[in-house]
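Only one structure is covered here, and it is reproduced in the block below.
Since the structure is predicted, the reported quantities are computational estimates derived from the model, not experimental observations. By convention in this document, chain letters (A, B, ...) are assigned in the order of the sequence lines, proteins followed by strands, and residues within each chain are numbered from 1.
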Number of protein chains: 2
Amino acid sequence: MPHTMESICRKLHSSDYRITPQRQTILKVFIENASKHLSAEEIYYLVKEKHPEVSLATVYRTLDLLAELGILQKMNFNDGRSRYEFTEQDNQHLHHHHHMICLRCGKVTEFEDILLDSLEDVIAKRTNFKIVDHHVKFFGFCENCRRQ
Amino acid sequence: MPHTMESICRKLHSSDYRITPQRQTILKVFIENASKHLSAEEIYYLVKEKHPEVSLATVYRTLDLLAELGILQKMNFNDGRSRYEFTEQDNQHLHHHHHMICLRCGKVTEFEDILLDSLEDVIAKRTNFKIVDHHVKFFGFCENCRRQ
DNA sequence: TTTGATGCAAATGGTTTGCATCGGG
DNA sequence: CCCGATGCAAACCATTTGCATCAAA
């Protein structure tokens, strides 16, 4: 179930949050750039193109709210700002994908995980932690940058 | 080969960096608390106990320098500040260990990886990235916090 | 003696917040 | 209408930097 304007607005509404034009605009930009791991400021500038009156504070507050509702996740790619992406989940499970970050150009590529869930089990048993999530990042050089 | 005051000072010297009392004090604190993933400010306060004249800027500059020399690594545990730990490596390979972070008390536990290197190969082939490092973090609840 | 290292204070940059106002429900 | 949401500017907080001074080599 992908995130749509409609499903998110329904969730906002059912959680007693108002559906304001600012939130709609921010959501629209976010949906249109779903794969890009945008930062708050990047979202702000995209929003401003069509709605210059929206403030950066509102972008931050909206992103915080959406993260709190579990609609999106705040990510850290060690570039000094937070980036956001949609939480992907099917009925009961978080759908994990991970990230490959190019150390030269900063490009972030996603990939699906196949082995991590079993690793999670092993670790859980060994450490006695109750594991609820994992983050995996690979750092290296993308195809494009390797050619130069 | 664990990091010792001597080995690090040798490295500083051979890289033409000066061995100052401030750097020695910071190193000492870091070595004595090697397992704790301290932040710059935490190191600063520990250093200040014995050497109140050392400034926070010097702590940051020293940590940056040590990271640049590959002696330690800057880590991000999503708590709003960078934390540092020794790079562990045997002769040619980075020695990967990963982290389990308790969402309740913030405790960071390390564990060794066994499966990740093969996953790295799979990903490298699939994405055409030249992978040079990976970060893996598990989030959950530690044994202690689970009992409460 | 030379030049890198330091302390201090000010600057930076991402993010948060107080407050008066606005407007969705 | 009411209270949550917004815009603005100021505050915050980790980190960085400019600069005069100090001291390792």
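A:Asn78 has its CG atom 15 Å from the P atom of C:dG14, to the nearest Å. Between the C1' atom of C:dG25 and the CZ atom of A:Arg10 lies a distance of 19 Å, rounded to the nearest Å. Straight-line distance from the OH atom of A:Tyr44 to the P atom of C:dT15: 14 Å, rounded to whole Å. For A:Leu38 and C:dG14, the CG to C1' distance is 16 Å, given to the nearest whole Å. A:Lys48 has its NZ atom 11 Å from the P atom of D:dG7, to the nearest Å. Atom NE2 of A:His51 and atom C1' of D:dT6 are 15 Å apart (whole Å). Atom CD in A:Gln22 sits about 13 Å away from atom C1' in C:dT21, given to the nearest Å. Distance, B:Asp79 CG to C:dT15 P: 15 Å, rounded to whole Å.
Shortest non-hydrogen contact noted between A:Leu103 and A:Phe139 is CD2-CD2, 3.8 Å. B:Pro2 approaches B:Ser7 most closely through the heavy-atom pair O-OG, 4.3 Å.
Within the 4.0 Å cut-off from OP1 or OP2 of D:dT6, at least one side-chain nitrogen or oxygen of A:Thr20 is found.
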Under 3.5 Å, sequence neighbours excluded: what are the donor-acceptor pairs made by side chains of residues 53-60 of chain A?
| unit_1 | atom_1 | unit_2 | atom_2 | d |
| --- | --- | --- | --- | --- |
| A:Ser55 | OG | A:Thr58 | N | 3.3 |
| A:Ser55 | OG | A:Thr58 | OG1 | 3.2 |

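Listed candidates were C:dT3, C:dT6, C:dG24. Nearest to the side chain of B:Arg18 is C:dT3.
Of the listed residues (A:Leu72, A:Leu38, A:Ile71), just one forms a side-chain contact (heavy atoms from CB on, under 4.5 Å) with A:Leu63, and that residue is A:Leu72. Tested against A:Glu42, the residues A:Lys48, A:Arg81, A:Arg83 include a single salt bridge (Lys or Arg N to Asp or Glu O under 4.0 Å) partner, A:Arg83.
At a cut-off of 3.5 Å, with distance as the only test, no side-chain donor of A:His51 or A:Gln24 sits close to an acceptor on the other residue.
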For this session: Any chance you could lay out the side chain to side chain contact (heavy atoms under 4.5 Å, CB included) test for B:Ile43 and B:Phe30, step after step, and finish with the verdict?
Result: CA-CA 7 Å; B:Ile43 293 166; B:Phe30 203 81; 3.7 Å; yes
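Looking at heavy atoms from C-beta onward, A:Tyr44 lies out of side-chain contact with A:Ile26 at the 4.5 angstrom threshold.
Comparing the start and finish of the helix from C:dT1-D:dA25 to C:dG25-D:dC1, five pairs each, the helix axis swings through 30°, to the nearest 10 degrees.
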For this session: Go along nucleotides 8-20 of chain D 5' to 3' and tag each nucleotide: B for a protein heavy atom under 4.0 Å from its base, S when only backbone or sugar atoms are that close, - otherwise.
Result: B-----SBBBB--
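One hydrophobic cluster holds both A:Val29 and A:Phe86 under the rule that ILVMFWY side chains link at heavy-atom gaps under 4.5 Å.
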